[in-house]
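Single-structure report; data block below.
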Amino acid sequence: MEDCVFCKIVKGEIPSKKVYEDDEVLAFYDINPIAKVHVLVIPKVHIQSLQDLKEDHKELLFHLFETINKVAEIVGVDKTGFRVISNVGEDAGQAVKHLHFHILGGEKLPTR
Ligand code: AMP
């Protein structure tokens, strides 16, 4: 999508600090980290949020979760634990309307 920041990152029009990339997905460090480790995992295709997943996205969704586990290993939080968050819509504060999963870790995370 033209005005989507994450689509621009996928196209290389906006720089990012990449952690992992393949044909379907991209993982990069969040520009404004809220934990010692804060990485975003996104599909390359524009999907607005979890609410817009379709039957066709089954494999992609599994691959996104495989990628989350792979990224956790790459950034070294697989043994210590991590949190996965996907904000949907206004009350959750979804700022970027391109499906993404936050991986947070590297320290004890607040429980609320
Ligand atoms: P959300 O509030 O769930 O939509 O989260 C969007 C996240 O994207 C925020 O944590 C931002 O810090 C992050 N973000 C926005 N622009 C960029 C960018 N250009 N590079 C990396 N992270 C970004």
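Keep in mind it's a predicted model, so treat the numbers as computed, not measured. Basis for what follows: all heavy atoms, side chains included, without hydrogens, waters or symmetry-related copies. Numbering starts at 1 and runs along the sequence shown. Just so you know, ligand 1 is whichever comes first in the structure, and atom 1 is the first atom listed for that ligand.
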Quick one: does ligand 1 sit under 4.0 Å from the side chain of [X], the backbone, both or neither, non-hydrogen atoms only?
X	answer
I34	neither
L40	side chain
F6	side chain
Y29	backbone

* **Smallest separation among heavy atoms of K8 and E2, with atom names** =>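 Minimum heavy-atom separation between K8 and E2: CE-O, 3.3 Å.
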
* Structure fact -> Nearest heavy-atom approach of C7 to H98 is SG-ND1, 3.5 Å

* Residue E13 excluded, over 12 heavy atoms near CD under 6.0 Å ->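 Yes.
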
* Would one find more than 12 heavy atoms of other residues, nucleotides or ligands at under 6.0 Å from atom NZ of K58? -> no

Starting from [atom], what is the nearest protein heavy atom, named by residue and atom, and what distance separates them?
atom	value
atom 6 (C) of ligand 1	H100 NE2, 3.6 Å
atom 4 (O) of ligand 1	A95 N, 2.7 Å
atom 19 (N) of ligand 1	I9 CD1, 3.7 Å

* To do: Check ligand 1 against Q94 and write out every atom of the ligand that is under 4.0 Å from a heavy-atom position of the residue.
  => 4 (O)

* **Where ligand 1 meets N32 - atom numbers and elements under 4.0 angstrom, heavy-atom basis** => 12 (O)

* Heavy atom of H102, distance to ligand 1 below 4.0 Å ->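 H102: in contact with ligand 1 (<4.0 Å).
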
* ligand 1 contacted by G93 (non-hydrogen, < 4.0 Å) -> yes

* Gap separating the CD1 atom of I47 from the CG atom of L64, nearest 0.5 angstrom -> 7.5 Å

* So how far is it from F28 CZ to E21 CD, rounded to the nearest 0.5 Å? ->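 Taking CZ in F28 and CD in E21, the distance rounds to 10.5 Å.
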
* Quick check: does P15 get an N/O under 3.5 Å from an N/O on ligand 1? ->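 The answer is no, given that P15 and ligand 1 share no N or O pair closer than 3.5 Å.
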
* Heavy-atom distance under 4.5 Å between the side chains of L60 and V45, does that happen here? -> yes

* For the residue pair H102 and H38, does the interplanar ring angle fall in the parallel (under 30°), tilted (30 to 60°) or perpendicular (over 60°) class? -> tilted

* Do side-chain atoms of K44 reach the backbone of D22 as a donor and acceptor pair under 3.5 angstrom? -> yes

* Structure fact -> Looking at N87, D30, V96, I42, the heavy atom closest to atom 12 (O) of ligand 1 belongs to D30

* Asked: Out of V88, V39, I31, whose heavy atom is nearest to atom 20 (N) of ligand 1?
  ->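 Among V88, V39, I31, the closest heavy atom to atom 20 (N) of ligand 1 belongs to I31.
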
